[in-house]
Amino acid sequence: MTTLAGTAATGLHRPLGRAFYARPIDALARALLGRLVVTDSADGLAAGRIVETEAYGGPDDRASHARAGLTARTRPMFGPVGHAYVYLVYGLHECLNVVGEQDGQGGAVLLRALEPVTGIELMRRRRSRPHDPDWRLAAGPARLAQALGVDRRLDGHDLTLGEDLWLAGDDVLARPGEPEAPSDIASGPRVGVAYAGGEWAARPWRFWLAGHRSVSRP
DNA sequence: CGAATGATACCCT
DNA sequence: GGGTATCATTCGG
């Protein structure tokens, strides 16, 4: 029996349903804060609380991969909500996204940072950084994916199944004010999207829990 | 410490 | 062929 201090009430093993993902993409990015990301593999169970996200819209969003339209890489972004979109950046790093939608078109939310909750030693092993403090193990999109053991084999995976990779935590719409009060949430421009220019680069579609240590850029 | 620099592979003008 | 939703390391102050 794994110790899950503070998580029993949030239903670690009960995945969020499809309806959770059906809201405007920036609202989804906000709603994901405070939820749990869970992975289950032969190596064990790992979970963390989402503390930083970024919303990416459909083909109109110049900063979004969806700007390229439907390609082999972006296919999950144009599929049903509640699936994973996993891609490689800079030839090295995997990034985990949650598929949503914007104006009936493709969209996704990049998970940028987690606070490790359980399976912390497993995360540390996967990261191969024995001296990193817990709070840094998943502070950043590539660290997050590596700590959870997420790679492109999970691209397109259905997050509502509760198998291998899923999201958990009560729906804030069903329980207003839980688990994160709006006043705890800060927002600002997305990271590394200056190339999009103008309104799209300036749009405050990055969200994080104010003052949290695991946020990738304070 | 902060800034600069590779590493590296996939995607698409 | 150029750019990239990053990170770890190395350097200089």
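Heavy-atom basis, side chains included; hydrogens, waters and symmetry copies ignored. Convention: sequence-line order gives letters A, B, ...; per-chain numbering from 1.
- Using a 4.0 Å cut-off between charged side-chain N and carboxylate O, A:Glu199 and A:Arg203 make a salt bridge.
- Distance alone, capped at 3.5 Å, places no donor-acceptor pair between the A:Thr160 side chain and the A:Gly17 backbone.
- Projected onto DNA chain B by closest heavy-atom contact, A:Tyr90 and A:Arg73 fall at different nucleotides, the more 5' of which corresponds to A:Tyr90.
- In terms of the side chain to side chain contact (heavy atoms under 4.5 Å, CB included) criterion, residue partners of A:Tyr195 (sequence neighbours excluded) are, by chain and number, A:Ala63, A:Arg67, A:Val193.
- When atom types are taken as modelled, the side chain of A:Ser214 and the backbone of A:Trp135 share a donor-acceptor pair closer than 3.5 angstrom.
- With salt bridges taken as basic N to acidic carboxylate O contacts below 4.0 Å, none links A:Asp164 and A:Arg153.
- Where DNA chain C meets chain A (any atom under 4.0 Å from a heavy atom), the bounding nucleotides read 5' to 3' are C:dT4 to C:dT9.
- Ring orientation note: the planes of A:Trp166 and A:His13 are tilted relative to one another, at an angle of 30° to 60°.
- Using a 4.0 Å cut-off between charged nitrogen and carboxylate oxygen, A:Asp158 and A:Arg18 count as a salt-bridge pair.
- Using a 4.0 Å heavy-atom cutoff across all strands shown, A:Ala72 reaches no nucleic acid atom at all.
- For the pair A:Glu115 and A:Arg49, the salt-bridge criterion is met [side-chain N within less than 4.0 Å of a carboxylate O].
- A pairwise comparison of heavy atoms in A:Ala46 and A:Arg126 identifies CB-NH1, 3.9 Å as the closest pair.
- Among residues at least two apart or in separate chains, side-chain hydrogen bond (donor to acceptor under 3.5 Å, both in side chains) pairs with a member in residues 75-90 of chain A are A:His65-A:Tyr85.
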(request) Using the side-chain contact (heavy atoms from CB on, under 4.5 Å) rule, take A:Asp151 and A:Val86 through it: C-alpha gap first, then chi angles, then the decisive distance, then the call. (result) CA-CA 7 Å; A:Asp151 61 27; A:Val86 183; 5.5 Å; no

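- As judged by a 4.0 angstrom heavy-atom cut-off over every strand, A:Arg136 is placed among residues making no nucleic acid contact.
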(request) Would you sketch DNA chain C in dot-bracket for me? Only Watson-Crick or G-U wobble pairs with both distances under 3.5 Å count, crossing pairs as [ ], other-strand pairs as |, the rest as dots. (result) ||||.|||||||.

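- First and last contacting nucleotides of DNA chain B toward chain A (any atom under 4.0 angstrom from a heavy atom, 5' to 3' order): B:dA7 to B:dC12.
- Across residues 185-195 of chain A, not one residue has a non-hydrogen atom less than 4.0 Å from an atom of DNA chain B.
- Closest approach of A:Trp208 to A:Val215, counting heavy atoms only: CB-CG2, 3.8 Å.
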(request) Any chance you could lay out the side-chain contact (heavy atoms from CB on, under 4.5 Å) test for A:Thr53 and A:Trp205, step after step, and finish with the verdict? (result) CA-CA 8 Å; A:Thr53 61; A:Trp205 272 10; over 6 Å; no

